[in-house]
Amino acid sequence: MMKVVGGPYDSVEVEKKVSLWWNQNRIFQKMVESKKGAELFRFLEGPPTVNGFMHVGHARGRAMKDVVLRYKTMAGYDVWRRAGWDCQGLPVELEVEKKFGISSKKEIEEKIGLQKFVEECQKLVDFYLNHWRNNSERLGLWLDYDLAYETRKRDYIEFVWWALKEADKKGLLTEDFKVVPRCPRCETSLSSHEVAQGYATTTDPSIYVKFPIQGKENEFIIIWTTTPWTLPGDEAVSIHPRNNYTKVSVRNEVWILAEQLVERVMKDLKVNQYKVIDVFPGKKLEGTKYIHPLLEEVPAQSEHKGKFDHAIICGEHVTLEEGTGCVHTAPAHGPEDFEIGKKYSLPIFCPVSGDGHFTSEGGKYAGLFVKESDSKIIADLEKKGLLLKASTLEHEYPFCWRCNTPLIYLADKQWFLKVESVKKRILEENKATSWVPDWAGSSRFEDWLANSGDWCISRSRVWGSPLPVWICQKCGNKHVVGTLKELTKEAKTLPENLDLHRPWIDEVVFKCGKCGEDMRRVEYVLDCWLDSGVAHSASIDYLKDKRLFEILYPYDFITEAIDQTRGWFYSLVFTGVILFDNSPYKRVLCQGLMLDRYGQKMSKSKGNVIWASEAMEKIGADPLRVYILWKSSPWDSLSFDYDETEQVKRWLSILWNIFSFATTYMNLDEFNPNELQIEKIKEHLRPEDRWLLSRTQSLVKNVTANLDALYLNQAIRDILTFITEDLSRFYIRLIRRRTWVEKKDPDKQAVYATLYESLSTILRILAPFAPYVSEELYQALVRSNDSNAPESVHMAVWPRAKDEWIDDELEANMALINDMLEKVYTSRQRAKLKLRWPVQTLYVSPLEEKVKRAVEALKEIFLDQANAKTLEILEAGEIPTSVNVRVDLNFQEAGPQFKEKIPEISSLIRKVDGRVVKQEVFKNGKYFLTLRNKEIVELSPNLLVFKEELPENLTASESSYSKIYLDITRTPELLAESLAKEVLRRAQIMRKEMNLKVDEYVDVAIKVLEDETLGTLQTVKNFLATEIRAQKLSILQKDLELSGEAYVKEWEIDGETITICITRLNKID
RNA sequence: GGGCCGGUAGCUCAGUUUGGUUAGAGCACACGGCUGAUAACCGUGCGGUCGGGAGUCCAAAUCUCCUCCGGCCCA
């Protein structure tokens, strides 16, 4: 027996029920089992950082993953879908710091202790990991969670080490300087993210300094700076190669600066008399040497004698918005300075230590805090006559977000993976990768790759994979550890039960192979992007057993948000090429970002974040998924708006109601889908049935193609349109009457077979998008009848489109019929004719031949839906005989052509029967008129105007395909039928209000006031009795005798009061 | 400053690859209708300088150039 889908659609309720059922019956495991041995589809899960909660943006990416994986599974693949979690990194540390009420690395070491701190990080990760797994499962994302990989696990870290050792063998692991923003008080470096949140307005010195040009008397290059303390570290002056520079004569001196800035600088320096003596492009200055302005104060500078040390160099980064266009360059104190310094092989001279004090290399300033040195340096410059002006400036400068200390940029030793030698391979591999959308790979990612520099992989933090590098304290010998085995075998001291994290790993000491001294670990941890970047192999036990690697690598598919261009997409391809010389992924779906309803980025500080758990509780996982997938292309940004999810819920409700309708009647009629397949009842299929079957197959075809192309929104949109337009709006409405027929009528059986076929197909293609509701409906419609059917819709086979069922002509004809029906409704509305009132005749005047064929083929549907008795199909361009057609000239067009002949032509053409002219014009494209002087005039359609004069009983409307005339004459028979339908409708409302079963019989009495009404109703008594399911039907003029079970209601119909009384026959149980 | 994405009705989006009839949907709003699957649904109406400017072309939302606004990434 068909299980009936009842009640209104309650997504949350359905999902609770289904997920319980899934768990109890181990459906996920069974699904996985059932695909063992099939062709593999290899998916690599990008591990979410398990820090913080899952928001709807995360849910979006996870919904996309799930759609693809479920689809591929149903399509017959054995899908590799191991879950993974990114556990380490700064965000976890920051949250733990907050928990302890501290805010710097220094405090971790001094107040908490590394061990306690790391243990707390582990606990926090446990907490969030649990949250993420629960919410992912609630969302319906089916991954293999039990075997999930975690970047904090021993085996995982071991692989990261192995990868670094491989990189080292290839000469790609190096130590180098990097300029990083640093808080001198917390003694820690800050990430760019941290820097961004600490900008504030502050007052700093603003000084102009003259740098004497070597070998020239009184010639200077003029620079401007707000950080005098960086002058001891100055190594060069940068100028823009393509901007013009000038030599300006001031008093007895020559100054060099950018042409464009001369006026402004002179004004600022209060120099009134000057003369520009030369103008030339900056490039010409390259290599010009100057004397370091603090050479005497900072003796270490005199050792810098390279080709470009203390020289003018060229840099595209030089702007002409402030200063002099000549930029003092200290490679150790600015990222841009550092970059250009490397290009010109300048020394990375950093006379400042991590706490912001000058070291002994700072000469005269040794021991001074940088900010305190500013005034001393200014005074020294003044003394030497090199200072042009010292004032102050208000500007934006970054401060430490924790302690509000101004940040300083310092060069620091860090570890890098070198990119140069592998870049070509990475670019090649990226070209071979399939990106959706294409531009994400071919433009955006390629641009990033082409411009990427060496990857700084070291972090001066605690909670991360430790850098596996040990350095000899004496001779500087370097030892990179690649495996645990190597560690345990070769270490000189090894703590018991070694945890690979800090602080335990820091206790491991090696003996130097060269000099025998102790080797200690370099106290860095690794960038967490390196952790996730090796997920391609670290997640599958590569070091222990390569079998999985051999079948999985490279993976078929990954999908993450567009911001992973610089993150995971990059770290994957980088490590893949380094280790295995190819990219770990073949295809990428790039996801857009999730914004709030106003298009603003969601952020905690704005307070506009929508958590996934909240959304799922509020609207349910299915509606959330469908909404997210439906609203925009996967790669476009999406503004999340709760109000809009209502629409999606309504659509799913329609689906639910369709099933409610279908299962109710199928159950009532004991329809058995297994006995009655389409093939068996083929000859009873009506055109609308064949149409629905055709539409269903077309839909399957489109959805499959869109899923293959990863146009997920197109796929779900097509499904939703089919459900609302084709099924609900059209087919169900059309076949409703056929389901009311008693007994096992083949015409009704055809409806059921058709509906069953279509609905069971829809469920399967909807399953990846809305897994819960699809399951619930599948269990009711399919599984309740067929114990041989797959246990779950997610174990069912993806439908293959049956081309032989697709009838393009039928679909096109039906579209034409619908177009015409719209016009009928328009006409009815104009004539104030309710659709419930039948009309006698409908004339169709097709404008194209195909319309005629469509109407002929689907005449019955057309009449039925239009509620008309007879249909007259006219020839193309023909007009019903009762319509008078008048023809006249289009004077605007005809005037210039015929000029003085116009009056005659006009009077002649008016006398002709317009119908004849119109038909002639329609057939031949022209009409010939003979004038009194025998001249023959050719009239083309654009010269003529036709005016139809409709008789009172006709109303007309026109579409691009046809013209429709409706005969609205109301005969007594039509009036009787109209009245019957009015009464019927009200009786049906009453039945519903009485909560009668659909097929329950009743007694009915109808009281009318007018004799005429009584007579009219008598003529349709049988019709009424059948439709209301009245065992006894009486139509009276006297008062009704009421029994206790009777339900009575008075109605106003066309100004007359009609009382309907319905009596229940069966007792209520 | 560079790269990429987007800008179409009050709102959310199609359409742009490949130029071609009157630029389409849904929501919202107004009016009307339908209803024994329906807290549903249907019709009609209202609503458009296709961000702006210039160009190419018989023809531009669509191609080219410039420009403005928003977003992401990089400097």
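As the structure is a computational prediction, the values presented were derived from the model and not from experiment. Chain naming here is simple, since letters A, B, ... match the order of the sequence lines and numbering starts at 1 in each.
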Taking [atom1] from [X] and [atom2] from [N], how many angstroms apart are they, rounded to a whole number?
X: A:L593; N: B:C5; atom1: CG; atom2: P; value: 15 Å
X: A:Y627; N: B:C27; atom1: OH; atom2: C1'; value: 12 Å
X: A:D641; N: B:C27; atom1: CG; atom2: P; value: 15 Å
X: A:W656; N: B:A37; atom1: CH2; atom2: C1'; value: 13 Å
X: A:F569; N: B:C72; atom1: CZ; atom2: C1'; value: 13 Å
X: A:W651; N: B:A40; atom1: CH2; atom2: C1'; value: 14 Å
X: A:E560; N: B:C73; atom1: CD; atom2: P; value: 16 Å
X: A:L759; N: B:A37; atom1: CG; atom2: C1'; value: 11 Å

Plane angle bin for [Y] and [X] - parallel if under 30°, tilted between 30 and 60°, otherwise perpendicular:
X: A:Y752; Y: A:F671; result: tilted
X: A:W435; Y: A:F569; result: perpendicular
X: A:Y9; Y: A:W656; result: tilted
X: A:Y570; Y: A:F574; result: perpendicular

Collect all protein-nucleotide pairs involving nucleotides 1-4 of chain B in which both atoms are nitrogen or oxygen and the distance is under 3.5 Å.
none

Indicate, with a heavy-atom threshold strictly under 4.0 Å, whether [X] touches base, sugar-phosphate, or nothing.
X: A:S660; value: sugar-phosphate
X: A:F659; value: nothing
X: A:E644; value: sugar-phosphate
X: A:W448; value: sugar-phosphate
X: A:I658; value: base

Examine A:K618 relative to A:Y642 and say whether NZ or CZ is less than 6.0 Å from the centre of the six-membered ring and inside a 45° cone about the ring axis. yes
Distances under 3.5 Å between nitrogen or oxygen atoms of protein and nucleotides 13-19 of chain B:
from, atom 1, to, atom 2, distance (Å)
B:C13, O2', A:R717, NH1, 3.0
B:C13, O2', A:R717, NH2, 3.2

Strictly by Watson-Crick or wobble contacts shorter than 3.5 Å, is anything paired with [N], and which nucleotide is it?
N: B:G55; result: B:C63
N: B:A25; result: B:U12
N: B:A30; result: B:U44

Would a 4.5 Å heavy-atom cut-off, applied to side chains only, mark [X] and [Y] as touching?
X: A:L755; Y: A:M666; answer: yes
X: A:V648; Y: A:I619; answer: no
X: A:H58; Y: A:H55; answer: yes
X: A:K1049; Y: A:R986; answer: no

Can you tell me how far [atom1] in [N] sits from the matching atom in [M], rounded to whole Å?
N: B:A60; M: B:C5; atom1: P; answer: 25 Å
N: B:G71; M: B:C63; atom1: P; answer: 25 Å
N: B:A37; M: B:C46; atom1: P; answer: 34 Å
N: B:G70; M: B:C34; atom1: C1'; answer: 44 Å
N: B:G51; M: B:C13; atom1: P; answer: 15 Å
N: B:A23; M: B:G3; atom1: C1'; answer: 32 Å
N: B:C41; M: B:A28; atom1: P; answer: 9 Å
N: B:G32; M: B:U18; atom1: P; answer: 50 Å

Checking only heavy atoms, does the side chain of A:S728 share a donor-acceptor pair with the base of B:A37 at less than 3.5 Å?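 Present.
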Provide a list of protein-nucleic acid N or O atom pairs under 3.5 angstrom, restricted to nucleotides 28-34 of chain B.
from, atom 1, to, atom 2, distance (Å)
B:C34, OP1, A:R836, NH2, 3.3
B:C34, OP2, A:R836, NH2, 2.9

How long is the gap from CG on A:L655 to OG on A:S774, to the nearest 0.5 Å?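 The OG atom of A:S774 is 7.5 Å from CG of A:L655, to the nearest 0.5 Å.
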5'-most by nearest nucleotide on RNA chain B - A:T664 or A:E339: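 With A:T664 and A:E339 compared, the 5'-side residue is A:T664.
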If you measure only the distance, is there a donor-acceptor pair under 3.5 Å linking the side chains of A:R717 and A:Q714?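 Their side chains do not contain a donor-acceptor pair, so the 3.5 Å distance test is not met.
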Closest heavy-atom contact between A:R625 and A:A63?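 A:R625 and A:A63 have their closest heavy atoms at CG-CB, 4.2 Å.
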A:W529-A:W455 aromatic ring centre distance below 6.0 Å: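 No: the rings miss the under 6.0 Å criterion.
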Is the number of heavy atoms from other residues, nucleotides or ligands under 6.0 Å of A:Y711 OH greater than 12?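 Count not over threshold, so no.
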